[in-house]
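As a basis for the values below, the full set of heavy atoms in this structure was taken, side chains included, without hydrogen atoms, waters or symmetry mates. As the structure is a computational prediction, the values presented were derived from the model and not from experiment.
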Amino acid sequence: EATSQLKDTLSVRKGTGMVLTIGWKRTERHEGSKIPIYKIARYLEYGTRTIPPRPLFRVVYSHMEKSLDKYYEEFLDSVNNNNKRKKRGK
C-alpha cells in the first residue's frame, strides 16, 4: 500500500531554468498513518533503527549517472538546433 501511494504521488516539477525537481509535496500524507509521504520515502531509502534500508533512488541515480552527461548534451543540441531553425524562419 505505501509503495503504491509513493509511486502515485511522485511528481516532477519544473524549477528555475533547466532544473527539474522530483519528489513529493510536503502536504502529501500516507492514507493510513498520515505520515508525510516524503518521510516514508526517506525511511525506505535509508532505513530506520527498526527498518532496514531499501534503496531505490540512489541505485537508480547510480545507474543513470553514466548516461546523464550524454542525455544533457543531446538536449542542449536539440535546443540549439531549434533556436537556429527559429532564427532562419524569421
> Any pair with a residue in residues 32-56 that passes ring pair (Phe, Tyr, Trp, His ring centres under 6.0 Å), sequence neighbours left out, goes on the list, sorted by first then second residue, please.
none
> Scan residues 52-64 for pairs that pass salt bridge (charged side-chain N to carboxylate O under 4.0 Å, His left out), counting only residues two or more places apart or in two chains.
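Those involving residues 52-64 are E45-R58.
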> Under the rule for ring-ring contact (aromatic ring centres under 6.0 Å, His included), what residues qualify as partners of F57, not counting sequence neighbours?
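Checked F57 against ring-ring contact (aromatic ring centres under 6.0 Å, His included); matches are W24.
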> Tell me, yes or no, whether the heavy-atom count around D77 atom CG, taken from other residues, nucleotides or ligands under 6.0 Å, exceeds 12.
yes
> Taking the side chain as every heavy atom from C-beta outward, state whether L56 and L44 have any atom pair closer than 4.5 Å.
no
> Which one of R29, E28, R26 satisfies the side-chain contact (heavy atoms from CB on, under 4.5 Å) criterion with P36?
R29
> Could you measure the distance from the OG atom of S67 to the CD atom of E74? Nearest 0.5 Å is fine.
9.5 Å
> When you measure from the side chain of S11 to the backbone of G23, do you find a donor-acceptor pair of N or O atoms at a distance under 3.5 Å?
yes
> Measuring from I37:CD1 to L10:CG, what's the distance to the nearest 0.5 Å?
10.5 Å
> In chain order, what residues pass the side chain to side chain contact (heavy atoms under 4.5 Å, CB included) check against E73, with sequence neighbours excluded?
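For E73, no residue satisfies side chain to side chain contact (heavy atoms under 4.5 Å, CB included) once neighbours in sequence are set aside.
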> Identify, with sequence neighbours excluded, every residue that meets side-chain hydrogen bond (donor to acceptor under 3.5 Å, both in side chains) alongside R42.
none
> Who are the side chain to side chain contact (heavy atoms under 4.5 Å, CB included) partners of V59, not counting sequence neighbours?
P55
